[in-house]
Amino acid sequence: MPATTDVFDLASLKLAPGEGRRLELRVPIADLDLGGERYVAEPRIVPVAIDLSRMTGNGYALKLAFKARLEGPCMRCLKEAAPVVDVQAREVSVPGEDEQMASPYVHDERLDVAAWAHDAFALAAPQKVLCKEDCLGLCPECAVDLNEAGQEHAHERAPDRRWQKLGELKFE
């Protein structure tokens with residue numbers, strides 16, 4: 001079984017420039033807050049694959065891949081939703097170079113796998129977490145679940161207040 005870790009010591013691999021390795025690790029994913037609601041990764045500790053290669057100049061090219069369900073309330077009907085999120089993320093870290101070439105997840109040849117996996121999971125998550133792609137949501141007037149109420153669910157329209165005075169006219 002792969003090791004569970006938050007931080008991985010890249011220097012322990014002792015890679016020469018141009019050399020690469022694949023790591024199989026298990027990483028805890030912290031909860032996400034999206035639209036004021038809490039969502040969790042399931043499983044909570046996710047198996048991840050990290051492909052890394054040593055670059056010249058003591059840098060690393062990194063690729064992270066994993067799949068996990070994003071569990072929480074549907075953003076339309078509030079029932080449980082659990083879409084599968086396929087995460088593919090890349091990072092490059094070249095210390096001492098341009099600020100854009102320094103990864104925020106690599107410090108002193110230590111890779112913060114948990115932070116990287118969490119951020120990559122949040123970025124790969126769908127913009128709208130839905131129980132099903134064609135979820136109809138809740139009725140804006142009575143809050144009934146439109147997925148269960150069906151097409152026949154309707155409300156009588158309230159009269160337009162702008163025409164209220166015309167209703168007071170009396171014709172003989």
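What you are looking at is a predicted structure, and each value in this text was computed from that prediction instead of being measured.
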Lys/Arg N to Asp/Glu carboxylate O, D108 vs R110, below 4.0 Å: no
Would you say that I50 contacts L111 through its side chain, given a criterion of any heavy-atom pair below 4.5 Å between the two side chains? yes
Please name all residues satisfying salt bridge (Lys or Arg N to Asp or Glu O under 4.0 Å) with R38, sequence neighbours left out, ordered by chain then number. D31, D33
Honestly curious: do L15 and L64 fall in one hydrophobic cluster under the side-chain, below-4.5 Å linking rule? yes
For the residue pair L62 and V106, establish whether any side-chain heavy-atom pair is separated by less than 4.5 Å. yes
Just so I know, are the side chains of V129 and P83 near enough to count as touching, which here means a heavy-atom distance under 4.5 Å? yes
Would a 4.5 Å heavy-atom cut-off, applied to side chains only, mark E37 and M75 as touching? no
Contact between F66 and V27 at the side-chain level, heavy atoms closer than 4.5 Å - yes or no? no
Below 4.5 Å, heavy atoms only, C-beta onward: do K67 and V46 meet side chain to side chain? no
By the ring-ring contact (aromatic ring centres under 6.0 Å, His included) test, which pairs, at least two apart or in different chains, include something from residues 147-172? H153-H155
How far apart are the C-alpha atoms of H118 and L32, what are their side-chain angles, what is the distance that settles it, and do they pass the side-chain contact (heavy atoms from CB on, under 4.5 Å) test? CA-CA 8 Å; H118 175 268; L32 300 177; 3.2 Å; yes
Any luck finding a side-chain donor-acceptor pair between Y60 and E109 under 3.5 Å? yes
Any heavy-atom pair between the side chains of P104 and E91 that's under 4.5 Å? yes
Atom of F121, atom of A41 and distance for their closest heavy-atom approach: CE2-CB, 3.7 Å
With a 3.5 Å distance limit and no angle check, can you tell me whether N147 reaches the backbone of L136 through a side-chain donor-acceptor pair? yes
